Amino acid sequence: MDRIEQFSIIAPDIGNIFRFISIGTAVPLLIAVIYQEWAMILPMASVPVTLFLLGTLLVQVPHREREPPLSAALMAVALIWLVCAVVGALPFTLGIGMPYLDSVFEAMSGWTDTGLTLLPDVDAAPKTLLFWRSLMQWLGGIGIVAFTIAMASRTGLTQFRLYRSEGRSEALMPSVVATGMEMWKIYLVLTAASIGLVLLSGIPVWDAVNIALVGIATGGFSVHAAGIPYYDNPLLEILIIPVMIAGALPFKLYYFMYNKKGVRFFADAQARLLFILIALGIVVITWDLVTLTFADLPTAIRQGLFMATAAATSTGFQVASPNEWASVTVLFLSMLMVIGGASGSTAGGIKLSRVVLGTQSLLWWFKRMFVSGKVLVPFKYEGKVIPKNIADLEVSRNMLIIMLYFLLIFIATVLVMHLQPTGFESSNVIFEVVSAMCNNGISTGFVSPDMTDSAKALFILLMWIGRLEIIPVIVLFLGIFKGFD
């Protein structure tokens with residue numbers, strides 16, 4: 001089966017995804033009307049119109065009902081996210097004249113829930129654009145494919161493979177559509193609860209809605225250039241913390257909580273590890289700020305609590321600039337960012353499940369070294385005994401993804417330091433690369449509109465690769481280069 005035939009099989013599904021996502025992208029037009037930003041109507045309308053027309057063209061592609069190979073699904077998902085960023089950039093260029101590369105950076109940061117920004121003046125930007133940034137993060141948090149599969153109410157092998165190719169592994173219900181619907185119910189309830197919680201801080205409704213949307217999506221965009229410190233509201237900071245944690249926990253926990261009574265919340269290994277990492281982060285960062293940066297204890301606790309949670313949950317909110325911290329504190333925060341939140345959540349990073357599986361596999365390997373080769377050492381994961389052949393395969397895959405994350409971070413750091421000579425310390429550059437690759441968004445100030453175009457392009461690539469957990473993008477590039485053989 002050649003690549004053209006593979007594409008024709010999956011093209012109608014890609015087209016339907018674009019058409020359904022175009023409906024969601026039309027929501028900011030309501031904001032333009034409410035705030036009477038008439039000049040933003042056409043720039044904002046360019047997104048749903050372009051996606052709908054593109055989707056309609058793809059649906060018309062002649063195809064045969066055949067099973068697409070996994071590689072086709074992986075490439076399709078990588079293309080879907082890239083196209084959404086490319087099209088999602090249009091309002092920034094058409095509306096406020098941002099350079100198109102900067103606009104693609106902003107849109108990719110939005111869709112991938114990263115939160116790094118090149119917007120020149122956030123406070124002066126139209127509310128339509130600010131809401132568009134928040135909406136991209138909110139939709140991107142649940143996943144473009146997960147969103148559209150639930151809306152389309154179609155199931156099948158193609159939809160299943162697209163869903164899994166997006167980095168989604170949760171299976172709450174027998175079908176992908178049913179799982180997607182349950183995910184959406186949970187997401188909407190969490191979003192509504194987050195808005196109500198943030199409103200208790202006393203900030204305006206507009207600000208609360210945007211903060212809640214990006215908070216539950218573990219994104220991090222803000223409607224003010226100063227970010228969360230703009231409000232100078234300790235209560236707001238405290239209320240945002242449970243929102244960030246809620247977005248970084250596996251959604252299956254919420255499903256089990258309301259469908260299976262008596263489920264123990266902290267029995268989940270990912271949930272336990274997340275809270276352990278947050279607690280460790282609070283202690284280490286607070287200690288470092290007091291002893292190395294000589295901050296007063298109340299300030300150190302306030303920053304340590306918020307920043308440790310933001311890093312561990314993969315949320316780009318921040319109440320301090322790591323650029324002002326000691327290098328060792330910055331590197332520790334980078335470690336929390338690399339790990340990220342849970343699988344089946346809105347968070348980025350390597351994922352807590354991979355850390356849990358990696359730790360258990362190392363212990364399993366060492367146990368096997370100390371017994372006879374004839375003794376069978378069982379591998380247990382989530383309370384189940386996994387057959388040795390399956391365990392070896394899953395462990396190898398898990399370690400491959402972890403290795404690729406660190407390899408790409410290392411390569412990207414070296415490239416960035418060559419493409420963007422700067423006075424920033426190397427620890428801050430590493431931090432910024434990790435923030436992009438792990439879709440976090442906390443920044444030392446290194447990412448700015450003054451970066452070279454090549455550095456911006458590299459960061460766009462990192463955010464895209466990180467959000468799709470590497471493999472789909474690699475498969476896409478392999479497919480492209482294979483085409484030139």
Side-chain angles (χ1 to χ4, degrees), residues 7 10-11 13-25 47-48 50-52 54-55 58 70-90 92 101 103-116 132-133 135-152 158-159 161-169 180 183 217-219 221 314 340 346-349 351 401 404-405 408 436-441 456-480:
F7 178 76
I10 212 164
D13 289 284
I14 300 175
N16 280 321
I17 286 174
F18 284 145
R19 291 206 294 186
F20 277 106
I21 199 69
S22 71
I23 298 171
T25 61
V47 177
T50 303
L51 288 175
F52 186 82
L54 180 59
L58 289 172
L70 178 59
S71 60
L74 290 166
M75 288 189 285
V77 165
L79 278 172
I80 288 167
W81 281 79
L82 181 61
V83 169
C84 281
V86 169
V87 176
L90 294 175
F92 298 99
L101 183 63
S103 300
V104 173
F105 183 106
E106 198 75 13
M108 183 65 81
S109 183
W111 284 113
T112 59
D113 277 356
T114 304
L116 295 172
W132 173 229
R133 294 161 85 234
L135 184 67
M136 281 191 292
Q137 292 205 323
W138 190 70
L139 292 174
I142 197 70
I144 296 171
V145 173
F147 167 77
T148 50
I149 283 177
M151 285 184 65
T158 300
Q159 287 73 25
R161 284 190 164 175
L162 287 170
Y163 185 82
R164 292 297 298 266
S165 299
E166 196 175 46
R168 296 275 170 193
S169 57
M183 292 281 287
T218 60
F221 276 150
S314 185
T346 64
K351 299 292 192 305
I401 296 295
L404 286 173
Y405 261 97
L408 286 172
M437 180 71 187
C438 298
N439 307 125
N440 189 288
K456 292 173 185 175
L458 179 58
F459 272 90
I460 291 170
L461 183 63
L462 285 174
M463 292 186 285
W464 180 37
I465 290 174
R467 180 59 179 83
L468 295 178
E469 299 184 352
I470 303 172
I471 300 301
V473 179
I474 291 178
V475 172
L476 176 62
F477 281 123
L478 288 175
I480 292 172

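When a residue number appears, it is its place in the shown sequence, counting from 1. Since the structure is predicted, the reported quantities are computational estimates derived from the model, not experimental observations.
Rounded to the nearest 0.5 angstrom, Ile14 CD1 and Leu54 CG are separated by 9.5 Å. The distance from the CG atom of Leu116 to the NZ atom of Lys456 is 13.0 Å, given to the nearest 0.5 Å. Rounding to the nearest 0.5 Å gives a distance of 4.0 Å between CD1 of Ile142 and CE of Met183. Summarising the geometry, atom CD1 belonging to Ile21 is positioned 12.5 Å from atom CG belonging to Asn16; distances are rounded to the nearest 0.5 Å. Rounded to the nearest 0.5 Å, atoms CD (Glu106) and OG1 (Thr114) are 10.5 Å apart. Taking CD1 from Ile17 and CG from Leu79, the interatomic distance works out to 11.5 Å, rounded to the nearest 0.5 Å.
Looking at every heavy atom in both residues, Gly55 comes nearest to Phe18 through CA-CB, 3.9 Å. Across all non-hydrogen atoms, the minimal contact from Asp113 to Thr346 is OD2-O, 3.5 Å. Residues Gly349 and Tyr405 approach most closely at O-OH, 3.4 Å, considering heavy atoms. Closest of all the heavy-atom pairs between Met75 and Leu476 is CG-CA, 3.5 Å. Between Leu74 and Pro472, the closest heavy-atom pair is O-CB, 3.5 Å. Looking at every heavy atom in both residues, Gly88 comes nearest to Ala107 through C-CB, 3.7 Å.
With hydrogens and angles disregarded, no donor-acceptor distance shorter than 3.5 Å links the side chain of Trp111 to the backbone of Leu82.
Two residues are said to be in side-chain contact when any heavy atoms from C-beta on lie closer than 4.5 Å; Ile471 and Leu404 meet this criterion. Under the 4.5 Å side-chain criterion, counting only non-hydrogen atoms from C-beta, Leu51 is in contact with Thr25. You'll find the side chain of Ser109 reaches within 4.5 Å of the side chain of Phe221, heavy atoms only. Residues Ile460 and Leu101 are in side-chain contact: their nearest non-hydrogen atoms beyond the backbone lie under 4.5 Å apart. Residues Phe105 and Met463 have side chains in contact (heavy-atom distance under 4.5 Å, counting atoms from C-beta outward). The shortest distance between side-chain heavy atoms of Val104 and Phe92 does not fall below 4.5 Å. Using a 4.5 Å heavy-atom cutoff, the side chains of Met108 and Trp81 are not in contact.
For Leu135, the side chain to side chain contact (heavy atoms under 4.5 Å, CB included) criterion is met by Val27, Pro28, Phe131, Trp132, Trp138, Leu139, not counting sequence neighbours.
For the 3.5 Å distance criterion, the side chains of Ser314 and Asn440 fail to qualify, holding no donor opposite an acceptor.
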